[in-house]
Amino acid sequence: MNTAGKPVLTGGCQCGAVRFALSAAPVKVSICHCRMCQKAAGAPFASFAEIDNGDFTWTRGKPSAFRSSSLAERDFCPSCGTPLSFRRLDGPRIEIMVGAFDRPDRLVPTRQYGTESRLGWVVAIANLPSQTTLQNYGPDKLGGIVSHQHPDHD
Ligand SMILES: [Zn+2]
Ligand SMILES: [Zn+2]
């Protein structure tokens, strides 16, 4: 928490069983295209906000961990499976996946890694034909969907 006792940033998994809070801004935000991050995220690449351990707290629930290598573990929600972090064993920081934050727009990457595995089409996605969710589903269908996702706040 900061001096006002209010977290700087919060977030959690899709179901809300695991929540976290930051008492200071992340040290660095980056993207990783490496094959292990692709698998762990189930996505073409992963993006991480790196936070000093002393500025980070799990505020609800506890994640499960998979030791993805001799170097690190990756945390995920045991209830809904949302990937949450990358942690070097006994390292001074935790890296939280940007999409898990309540305000992912505030985490802007400044570096990318693992580019040997970067998928060739990633750089061109801004040029693909685009629709909002409302345009894609239409108001009737979208209005009838009941979300089971935890809201973007505690
Ligand atoms: Zn969950
Ligand atoms: Zn990686």
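All residue numbers refer to positions in the sequence shown, counting from 1. Counting starts at 1 for both ligands and their atoms, following the listed order. Because only heavy atoms are used, hydrogens play no part in the values below, and waters and symmetry mates are left out as well, while side chains stay in. Since the structure is predicted, the reported quantities are computational estimates derived from the model, not experimental observations.
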field: In the protein, N/O/S atoms that are found under 2.8 Å from the Zn ion (ligand 2), waters not counted
entry: Cys32 SG, Cys34 SG, Cys37 SG
field: Apex the Zn ion (ligand 1) - arms SG from Cys15 and SG from Cys77 - angle rounded to 10°
entry: 120°
task: Using a 4.5 Å cut-off on heavy atoms from C-beta on, say whether the side chain of Cys37 contacts that of Tyr113.
output: no
field: Transitive ILVMFWY cluster of Phe76, excluding itself - 4.5 Å side-chain cut-off
entry: Phe66
message: Before you tell me yes or no, could you show the steps for His150 and Arg60 under side chain to side chain contact (heavy atoms under 4.5 Å, CB included), namely the whole-Å CA-CA distance, both residues' side-chain angles and the distance that decides it to 0.1 Å?
response: CA-CA 13 Å; His150 189 272; Arg60 186 192 305 158; 3.5 Å; yes
- request: Sort and list the pairs that fulfil salt bridge (charged side-chain N to carboxylate O under 4.0 Å, His left out) and have at least one residue in residues 107-126, not counting sequence neighbours.
  value: none
- prompt: Going by side-chain heavy atoms closer than 4.5 Å, which hydrophobic residues are tied to Trp121, directly or by a chain of links?
  reply: Ile31, Phe45, Leu119, Val122, Ile125, Leu128
Asp102 and Leu9, any side-chain heavy atoms less than 4.5 Å apart: no
- request: Could you pull out the closest heavy-atom pair between Met97 and Ala41, with the gap in Å?
  value: CE-CB, 3.7 Å
- prompt: Would His150 count as a contact for the Zn ion (ligand 1), in the sense that one of its N, O or S atoms lies under 2.8 Å from it?
  reply: no
